[in-house]
**Q** 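Before anything else, here's the structure in question.
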Amino acid sequence: MCEDSHGGLGRRALFATGAAAALTLGSVSFASAAGGNRESRTVRGTLPPGSPDFVYVPVEVPAGVRELRVAYTYDRPSVPAGTLGNALDIGVFDDRGTELGGRGFRGWSGGARTEFFVRADDATPGYLPGPVREGTWHIALGPYTVAPQGLSYEITITLTYGGPGEAARPVYPPERAKGRGRAWYRGDCHLHSWHSDGRRTPAEIGELARAAGLDFINSSEHNTHAAHAHWADVAGEDLLVMLGEEVTTRNGHVVALGTDPGTFVDWRYRARDNRFGRFARQIRRAGGLVVPAHPHATCIGCNWKFGFGEADAIEVWNGPYTPDDEVALADWDSMLVASVRDGRDWIPAMGSSDAHRSPDAVGSPQTVVLADDLTREAVQEGIRAGRSYIAESARVTLSFRASGGRGEHAGIGERLTVDRDTPVTVRLEVTGAPRCTVRLVTDQGVVHTSAPLPVSGSGTVEWRTTPSYAAYVRAELRHEAAAGPLPGPLAAFTNPVFLGRR
């Protein structure tokens with residue numbers, strides 16, 4: 001084993017990548033297969049506070065390498081309360097380079113693993129199998145947070161020489177399951193397996209999805225599409241598995257929902273770099289939807305800063321209902337008001353579990369979509385059109401519609417096209433929500449609050465209005481409040497029904 005040292009970043013040049021700032025260190029070189037079957041190098045360095053988002057360690061890989069293996073450690077010093085400690089992510093790019101949106105990506109595990117390997121026939125979860133070709137590879141370090149003392153790291157790179165082995169051929173899940181024609185289908189579009197920072201296998205997630213009454217799910221690992229080839233055995237006639245990615249930038253996360261198999265979406269940029277539009281368009285070209293996730297979450301880097309001009313839908317409810325979801329719901333409602341005021345298109349809401357490990361509940365919440373069939377395209381069209389509601393579990397079912405006096409009617413995500421002063425009846429039918437309160441919300445705010453539903457959980461609420469008074473109506477089901485005047489947590493809510501002529 002040989003050793004090297006990168007020292008501190010203060011002695012290195014800072015290179016602008018056209019995206020978030022990055023720094024490339026000196027190369028790590030290996031001799032050749034002549035030195036034996038296996039060869040290692042260890043490098044050490046220190047990242048100061050204020051380090052760039054990404055630090056690349058070039059590795060000169062000679063010919064004849066069968067496997068690349070990387071292990072790393074870094075120090076975690078004690079810091080005062082309220083001060084950020086050290087957290088260092090890791091990944092790798094191959095001989096095709098680190099260009100933003102390029103073809104060199106070979107895997108990312110963030111901070112979920114301390115080592116990984118890549119070879120032709122296999123790779124660590126989160127990484128892509130394939131040949132270890134001769135050329136300059138790059139270990140990518142992502143200093144997520146750096147303590148005031150700095151972040152000292154040690155990386156050990158091991159090359160194993162030999163024949164490359166037979167390349168693995170990916171098999172992807174089908175884009176269709178056995179549906180019921182035009183019907184309401186339940187799904188969870190934000191999930192994590194052990195292919196990023198989750199702890200469940202795809203098979204375990206599939207089992208939990210079926211137990212939760214789901215019809216479809218979406219693979220959304222952090223910053224990697226390596227899981228795409230591991231869902232074929234999970235899908236079946238009763239479960240549609242769509243493929244995607246959670247694009248985890250330093251200025252917010254976005255779910256690429258239902259992209260073509262093998263689609264990689266880069267994440268190495270901030271809002272100020274003006275790169276997000278490029279990758280939102282890439283998601284759509286790959287057949288996916290652009291869904292900003294947990295836009296008001298309080299975790300570092302989670303708060304959404306890219307605006308919503310590129311969004312196909314917004315994840316308003318993420319996992320157990322919390323105050324940041326309440327803020328996201330209010331913010332989304334304000335966008336609805338702006339859309340009807342300005343005559344602009346509106347952005348539908350979604351909900352997903354973001355489940356990583358036990359006790360995270362797959363399918364809580366879930367998005368219930370009216371789709372023409374159980375296919376990727378039909379489900380996406382239902383989500384994009386806003387023909388959906390969000391429920392805490394499969395126990396909750398809703399029917400919500402508005403009707404005029406001459407037989408006109410419209411459902412969730414649709415428009416009831418009647419004159420401004422036409423009397424309109426709004427009707428909500430509920431099952432599976434015992435003791436919940438129904439709130440009807442319009443562009444004027446909360447306009448109706450029901451008495452609690454009976455313990456059976458079933459009930460009907462009607463309200464009458466006109467388009468001149470309400471440009472849209474949406475429904476919320478709330479659990480009983482623990483205390484005080486604030487509403488209780490959501491049990492379900494709908495996308496709006498719009499009233500009147502545009």
**Q** If you look at every heavy atom in Leu289 and Gln380, which pair is closest and at what distance?
**A**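 Where Leu289 meets Gln380 most closely, the heavy atoms are CD1-O, 3.7 Å.
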**Q** Please find the pair of heavy atoms, one from Phe30 and one from Ile157, that lie closest to each other, and give the distance.
**A**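 Minimum heavy-atom contact is CZ-O, 3.5 Å.
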**Q** How far does NE2 of His356 sit from CG of Leu191, to the nearest 0.5 angstrom?
**A**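 Nearest 0.5 Å value for the NE2-CG distance: 9.5 Å.
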**Q** Locate the shortest heavy-atom distance separating Ala140 from Phe93; write the atom from each residue and the value.
**A**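 Closest pair (atom of Ala140, atom of Phe93, distance): CB-CE1, 3.9 Å.
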**Q** Atom CZ of Arg384 and atom CG of Asp345: how far apart are they, to the nearest 0.5 Å?
**A**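 Here the interatomic distance stands at 12.0 Å.
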**Q** Report the relative orientation of the aromatic rings in Phe105 and His225; use parallel for angles under 30°, tilted for 30 to 60°, perpendicular for over 60°.
**A**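 Rings of Phe105 and His225: tilted, 30 to 60°.
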**Q** Nearest 0.5 Å, what's the NE2-CD distance between His253 and Glu245?
**A**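 Spacing of NE2 (His253) from CD (Glu245) equals 12.0 Å.
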**Q** Return the CH2 to OG1 distance between Trp194 and Thr124, rounded to the nearest 0.5 Å.
**A**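 It comes to 11.0 Å.
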**Q** Would you name the heavy atoms of Tyr389 and Ile412 that are closest together and state the gap between them?
**A**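 Heavy-atom minimum between the residues: CD2-CD1, 4.0 Å.
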**Q** Flag yes if more than 12 heavy atoms outside Arg284 fall under 6.0 Å of its CZ atom; otherwise flag no.
**A**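 Counting neighbours around CZ of Arg284, more than 12 heavy atoms of other residues, nucleotides or ligands fall under 6.0 Å, so yes.
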**Q** So which pairs with a foot in residues 317-326 pass salt bridge (Lys or Arg N to Asp or Glu O under 4.0 Å), sequence neighbours left out?
**A**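 As it turns out, the salt bridge (Lys or Arg N to Asp or Glu O under 4.0 Å) pairs with a partner in residues 317-326, which skip direct neighbours, are Glu326-Arg478.
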**Q** Sort and list the pairs that fulfil side chain to side chain donor-acceptor pair (under 3.5 Å) and have at least one residue in residues 109-119, not counting sequence neighbours.
**A**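 Every side chain to side chain donor-acceptor pair (under 3.5 Å) pair that includes a residue of residues 109-119, provided the two are not neighbours, is Glu67-Arg119, Ser109-Tyr127, Arg119-Asp121.
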**Q** Does some side-chain heavy atom of Val79 sit less than 4.5 Å from a side-chain heavy atom of Pro148?
**A**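 Yes. Closest side-chain heavy atoms under 4.5 Å.
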**Q** Please lay out, stage by stage, how Thr73 and Glu154 fare under the test side chain to side chain donor-acceptor pair (under 3.5 Å).
**A** CA-CA 5 Å; Thr73 61; Glu154 178 179 291; 4.7 Å; no
**Q** Taking the ring centre of each residue, are Phe276 and Trp304 less than 6.0 Å apart?
**A**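 For Phe276 and Trp304, the ring centres are under 6.0 Å apart.
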**Q** Between Tyr72 (side chain) and Leu88 (backbone), is there a donor-acceptor pair under 3.5 Å?
**A**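 Judged by distance alone, yes, a pair lies under 3.5 Å.
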**Q** Has Arg76 got its NZ or CZ under 6.0 Å from the middle of the six-membered ring of Tyr74, at an angle within 45 degrees of the ring axis?
**A**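 So Arg76 does make the cation-pi contact.
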**Q** Take atom CD in Glu377; do more than 12 heavy atoms of anything else shown fall under 6.0 Å from it?
**A**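 No, because the 6.0 Å sphere around CD of Glu377 holds 12 heavy atoms or fewer from other groups.
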**Q** Salt-bridged, Arg344 to Asp342, with N to O below 4.0 Å?
**A**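 Yes, Arg344 and Asp342 are salt-bridged.
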**Q** Between Phe116 and Arg69, is there a cation-pi geometry (under 6.0 Å to ring centre, at most 45° from the normal)?
**A**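 No, Arg69 does not sit over the ring of Phe116.
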**Q** Could you list the donor-acceptor pairs under 3.5 angstrom formed by side chains in residues 255-264, with sequence neighbours left out?
**A**
| residue | atom | partner | partner atom | Å |
| --- | --- | --- | --- | --- |
| Thr259 | OG1 | Leu243 | O | 3.2 |
| Asp260 | OD1 | Arg376 | NH1 | 3.2 |
| Asp260 | OD1 | Arg376 | NH2 | 2.9 |
| Thr263 | OG1 | Asp260 | O | 2.8 |

